[in-house]
Amino acid sequence: MADSASGQIDHVLTEDRLFPPPAEFTQKAVFSTEEQYLETYARARDDRDEFWKAEAQEHLHWFEPFNEVCKWDAPNVEWFVGGKTNASYNCLDRHVEAGRGDRTAIIFEGEPGDTRTLTYSELLTEVCKCAEGLQSLGITQGDVVSVYMPMTPELAILMLACARIGAIHSVIFAGFSAESIADRNNDASAKLMVTADGLYRRGKVLPLKETVDQALAKSTTIEKCLVLKRVGQDNVSMTEGRDVWWHDVVDTQDGKLPAVPLDSETSLFILYTSGSTGKPKGILHTTAGYNLWAKRTFEWVFDHREDDVYWCTADCGWITGHSYVVYGPLSAGATCLMYEGAPNHPAEDRFWDLVEKYKVTIMYTAPTAVRAFIKWGDEHVDKHDLSSLRLLGSVGEGINPEAWMWYHEKIGNSKCPIVDTWWQTETGGIMMSPLPGITATKPGSCCKPLPGVIPEILDETGRPVDPSSGGMLCIGQPWPGMLRGIYGDQERYVQQYWSTVPGKYLTGDNARQDSDGYYWIMGRIDDVINVSGHRLSTIEVESALVSHEAVCEAAVVGRPHDLKGQAISAFVTIRDREPDEELRQELRMHVRKQIGALAQPDDVRFAATLPKTRSGKIMRRLLRDIAAGKEVAGDTSTLEDFTVLAKLKEED
Ligand code: 6R9
């Protein structure tokens with residue numbers, strides 16, 4: 001059992017409040033009766049191919065029709081075999097051709113307050129120009145384009161431009177270090193790097209190009225670097241023959257490039273995420289299945305309507321930004337707000353200011369943000385008129401009932417359903433969630449699976465367990481949005497996701513199901529921790545620590561944290577240095593430099609030795625208890641040296 005949930009489990013086990021949707025919401029909802037959901041769910045389960053055939057024909061544009069719906073030979077799957085489509089066409093041309101080109105696609109607000117609006121026609125032109133620019137830099141189908149950009153419209157434009165010509169984007173969150181960028185560039189053999197001179201964050205400028213320059217010094221396959229001018233930094237260093245400006249390469253194009261008809265299984269993007277081992281893995285998604293899943297889950301869960309103004313606060317550096325800032329909402333023709341900066345700049349009411357100003361109707365954010373708003377105080381919310389909101393969403397980690405209630409009452413004025421959406425980078429889109437028109441929600445539960453999702457709760461041997469006591473959450477059947485592999489490492493793909501229970505997808509989460517059939521996610525089964533909704537492998541942080549010359553051995557665990565969900569606790573043994581405050585800070589900064597600020601340990605403890613089993617495995621369970629300040633519980637009979645525990649506790 002992962003430590004993340006342990007504090008929360010006590011709450012959710014006793015949580016029995018029920019919040020049915022308001023009647024007026026249900027009347028207009030996409031799913032408006034329980035029977036409709038049950039019927040749709042049963043069709044998708046019992047007649048999978050017929051169900052998805054109809055969905056794909058109706059919801060995607062086909063240059064050439066597919067002749068087979070699903071070719072499933074676990075763990076390999078192909079969807080819509082033989083068909084040709086294009087995700088950029090589905091997001092843009094389709095709406096323009098249907099006479100909806102004047103609809104607003106993106107409303108952008110930068111952190112300094114600059115604003116920009118793009119209609120679907122305008123966005124299409126920008127995407128075409130960008131695709132032409134990419135071609136002029138030698139990018140063609142199958143090339144990997146690495147992206148390190150601020151949350152501005154150009155980021156979405158670039159993703160869609162890659163999709164338009166069959167290039168594969170690999171977006172790296174603009175908080176990762178130069179080392180992390182270089183690792184990802186090399187792992188994916190990326191050919192082009194796209195970045196900006198800088199981004200605005202809490203009133204300061206972060207010089208992205210400087211970080212990229214350091215990364216490129218260690219990247220072996222990058223040929224060119226395309227640079228957007230966002231902040232107007234002086235003295236941006238541009239390497240002759242390698243670096244080119246966006247305004248020279250993109251803005252000068254004519255913007256007419258037709259979308260390339262691509263096979264359904266053409267790679268669309270890679271997104272790196274942490275697993276249970278040290279090296280982040282490049283999760284691969286392909287065109288048609290992912291696109292359909294992102295669109296339909298968006299429409300079902302967010303109950304999208306013509307007049308909605310939808311705001312997903314995620315950065316495109318994460319899967320939520322891919323599926324619910326770009327591909328899902330744009331395929332559905334939604335009007336999306338995109339905000340560049342921090343939620344507390346210039347003040348703690350920035351989000352509520354945005355909701356009021358743009359009359360946002362649907363807001364999708366993370367529990368860590370909700371907990372920060374609670375801490376900042378109700379007065380920041382009370383200043384604003386939030387009456388435009390009709391639906392609220394949550395993603396990234398379980399939302400504790402207390403935060404759920406605040407979100408419901410304070411932001412949703414007790415009238416907006418909350419959709420607590422459970423899914424993963426690997427699943428491509430939402431897997432379990434309330435359907436806002438019909439589900440009576442329970443705070444802390446992601447409720448029910450969407451049509452096409454067949455969850456199973458199993459034990460380590462793959463046998464079904466009593467769902468109410470909980471077990472490993474697996475998915476038994478393929479769904480269109482599922483990952484197709486780990487880029488360049490098929491063996492790891494099979495080993496990581498399909499070997500524990502052969503033929504079934506292992507999510508890595510524990511879950512249980514209550515007597516009403518509602519699912520409750522109980523935390524991870526592996527060494528993945530969830531810090532502010534971001535996945536990190538403890539081993540990844542340990543590797544960064546031991547790369548410091550003073551560190552012999554390191555063990556990293558998560559401990560409960562009020563705002564971040566989990567904080568990072570590191571235990572290290574050292575050599576040739578004094579275990580002092582200076583070294584502690586140095587180690588924290590070292591991890592920051594190796595991986596990025598989000599991986600910086602919250603506490604570093606020096607230990608004489610680490611507790612190990614007789615076979616030499618570090619006993620993380622004990623360290624988790626110590627980090628959480630708990631009495632060390634459980635079986636310590638295999639501990640190699642009992643004195644270690646006492647010593648570790650003394651160092652508190
Ligand atoms: C979309 C996203 C995936 C992991 C996942 C789980 C946790 C996400 C959750 C949730 C409880 C929810 N998680 N949503 N746990 N309730 N609603 O976050 O993808 O970054 O790959 O993380 O996050 O542990 O396995 P990703």
Side-chain angles (χ1 to χ4, degrees), residues 1-9 11-12 15 171 173 270-276 280-283 285 293-294 297-298 301 312-325 327-328 364-370 392-401 403-404 407 418-434 441-450 453 455 470 472-475 481-483 486 496-497 505-512 518-537 558 564-566 598:
M1 174 73 55
D3 31 348
S4 67
S6 47
Q8 194 185 321
I9 286 167
H11 287 289
V12 296
E15 182 58 61
V171 183
F173 174 65
I270 308 170
L271 185 59
Y272 282 86
T273 188
S274 297
S276 49
K281 42 195 185 188
I283 302 300
H285 283 286
W293 192 250
T297 53
F298 172 78
V301 173
C312 168
T313 69
D315 190 285
C316 286
W318 312 109
I319 191 67
T320 306
H322 282 62
S323 305
Y324 300 108
V325 173
Y327 291 107
Y364 190 30
T365 196
T368 186
V370 174
L392 302 173
S394 172
V395 61
E397 60 181 306
I399 179 162
N400 44 306
W404 196 103
Y407 198 26
I418 294 181
V419 286
D420 176 355
T421 62
W422 174 84
W423 58 294
Q424 309 178 294
T425 304
E426 293 86 341
T427 68
I430 298 168
M431 300 291 275
M432 294 205 247
S433 167
T441 49
K442 300 185 186 184
S445 167
C446 59
C447 299
K448 299 277 179 79
L450 294 181
V453 177
M472 300 188 314
L473 178 63
C474 294
I475 314 285
M482 68 187 262
L483 78 166
I486 295 178
Q496 175 99 40
Y497 300 109
Y505 170 75
L506 180 79
T507 65
D509 283 331
N510 268 313
R512 69 177 187 94
Y518 283 49
Y519 285 85
W520 301 78
I521 303 295
M522 314 297 282
R524 299 282 306 188
I525 58 175
D526 52 17
D527 291 322
V528 169
I529 51 178
N530 192 324
V531 182
S532 303
H534 303 316
R535 265 162 79 170
L536 273 174
S537 128
K564 301 199 258 190
Q566 282 188 291
L598 57 108

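It should be emphasised that the depicted structure is a prediction, and the values quoted were computed from it without experimental measurement. When a ligand or atom number is given, it counts from 1 through the structure's own listing order.
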Is the backbone N or O of M482 less than 3.5 Å from a side-chain atom of T427, with the two atoms forming a donor-acceptor pair by type? no
If only side-chain N and O atoms count, and only distance matters, is there a donor-acceptor pair under 3.5 Å linking T365 with Y407? no
Answer yes or no: is there a donor N or O on one side and an acceptor on the other, between the side chain of H322 and the main chain of C316, under 3.5 Å? yes
Quick check for you: to the nearest 0.5 Å, what is the distance between I525 atom CD1 and D509 atom CG? 8.0 Å
Just by distance, do the side chain of Q424 and the backbone of T507 share a donor-acceptor pair under 3.5 Å? yes
One should read off an interatomic distance between S394 OG and D420 CG, to the nearest 0.5 angstrom, of 5.0 Å
Chain-and-number sorted residues having a heavy-atom contact under 4.0 Å with ligand 1 are I319, T320, V395, G396, E397, G398, D420, T421, W422, W423, Q424, T425, D509, I521, R524, N530, R535
